[in-house]
Amino acid sequence: MQEKNVSMEDAFQVWWFIFWRTFLTIIGISIVLTLLLTITGSKESVGTFVNPLALLISIVTQVFYTKSAINRRYKKFRLSATENI
């Protein structure tokens, strides 16, 4: 496998891959949760759990998308995680 020095353009591609997918997922889940809480009328009783739940969803989605960013082929490079023993 050929190694390449990391440039800002390469780092930005990886960051953007993770950022926009995480952003769209969190926005979508927030909309669905808000609609469900509004329709069921339980927004007052569950309101204290919304912020921790949003934080947990954010962490899980970022871990998922970071994991999917590894070993993905980008325009000019492929990010790979290897273990050197």
Legend entry - Spatial distance of atom CD1 (I57) from atom OG1 (T22) [nearest 0.5 Å]: 12.5 Å

Legend entry - Between F23 and W20, ring centroids under 6.0 Å: no

Legend entry - Plane angle bin for W15 and F19 - parallel if under 30°, tilted between 30 and 60°, otherwise perpendicular: parallel

Inset, instruction - Following the transitive rule for hydrophobic clusters with a side-chain heavy-atom cut-off under 4.5 Å over Ile, Leu, Val, Met, Phe, Trp and Tyr, establish whether V14 and F17 coincide in one cluster. - result: yes

Inset, instruction - Calculate, to the nearest 0.5 Å, the distance between atoms NZ and CD1 belonging to K67 and I18 respectively. - result: 13.5 Å

Legend entry - Backbone of Y65 reached by a side-chain donor or acceptor of S68 within 3.5 Å: yes

Legend entry - Spacing of CD1 belonging to I29 relative to OG1 belonging to T61, to within rounding of 0.5 Å: 6.5 Å

Legend entry - ILVMFWY network linking V32 to L24, side-chain heavy atoms under 4.5 angstrom: no

